[in-house]
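In what follows, a single structure is set out as structure tokens and then discussed.
Fair warning: this is a prediction, and the values are worked out from it, not measured in the lab.
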Amino acid sequence: MHNRLPTMVRRPPTIVCYICGREYGTKSISIHEPQCLKKWHNENNLLPKELRRPEPKKPEVRTITAKGFYDLDGLNEAAWTSARSQLVPCNVCGRTFLPDRLIVHQRSCKPKAAK
């Protein structure tokens, strides 16, 4: 009987999209981002003027670790912050939504009745 140590399951590295906040593989992020930005523009243009947002800017993370790799955690943190900045608060309950979802939410959001 060999005493086997449990092997660590290493997830492949993922990169957070700075537009939508979802995670993508390092190979597919470069395909996803231009499509996501195009979709973002299409959806943004359909919104009422007061809900339109400025185009999300890709965060610049230049930190390169001692081994010559990008600081993936730093990059993902900046991308996540960028994606979250796209959210708009509901003027009734304060919850935050993507602008197109806010419109749907506001149809059913009612002020809490005073007790």
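In this structure I31 satisfies the side chain to side chain contact (heavy atoms under 4.5 Å, CB included) test together with Q35, sequence neighbours excluded. Annotation: side chain to side chain contact (heavy atoms under 4.5 Å, CB included) contacts of T81 (sequence neighbours excluded): E77. Shown here are the side-chain hydrogen bond (donor to acceptor under 3.5 Å, both in side chains) partners of H105, two or more places apart in sequence or in another chain: there are none. In terms of the side chain to side chain contact (heavy atoms under 4.5 Å, CB included) criterion, residue partners of P13 (sequence neighbours excluded) are, by chain and number, T26, L72. Qualifying salt bridge (Lys or Arg N to Asp or Glu O under 4.0 Å) partners for K58, counting only residues two or more places apart in sequence or in other chains: E33. Residues that satisfy the side chain to side chain contact (heavy atoms under 4.5 Å, CB included) test with R84, not counting sequence neighbours, are W80. A search for side-chain hydrogen bond (donor to acceptor under 3.5 Å, both in side chains) contacts involving E55 returns H41, not counting sequence neighbours.
Within the structure, the side chain to side chain donor-acceptor pair (under 3.5 Å) test picks out the following pairs touching residues 12-22 (sequence neighbours left out): T14-E23. Each salt bridge (charged side-chain N to carboxylate O under 4.0 Å, His left out) pair with one or both residues in residues 36-51, not counting sequence neighbours, appears once here: K39-E43. Evaluation of the salt bridge (charged side-chain N to carboxylate O under 4.0 Å, His left out) test over residues 94-105, restricted to residues two or more places apart or in two chains, returns none.
Under a 4.5 Å side-chain heavy-atom criterion applied to ILVMFWY residues, the cluster that includes L98 comprises L87 as well. Side-chain contacts under 4.5 Å among hydrophobic residues (ILVMFWY), followed directly or transitively, place V104 with no other residue at all.
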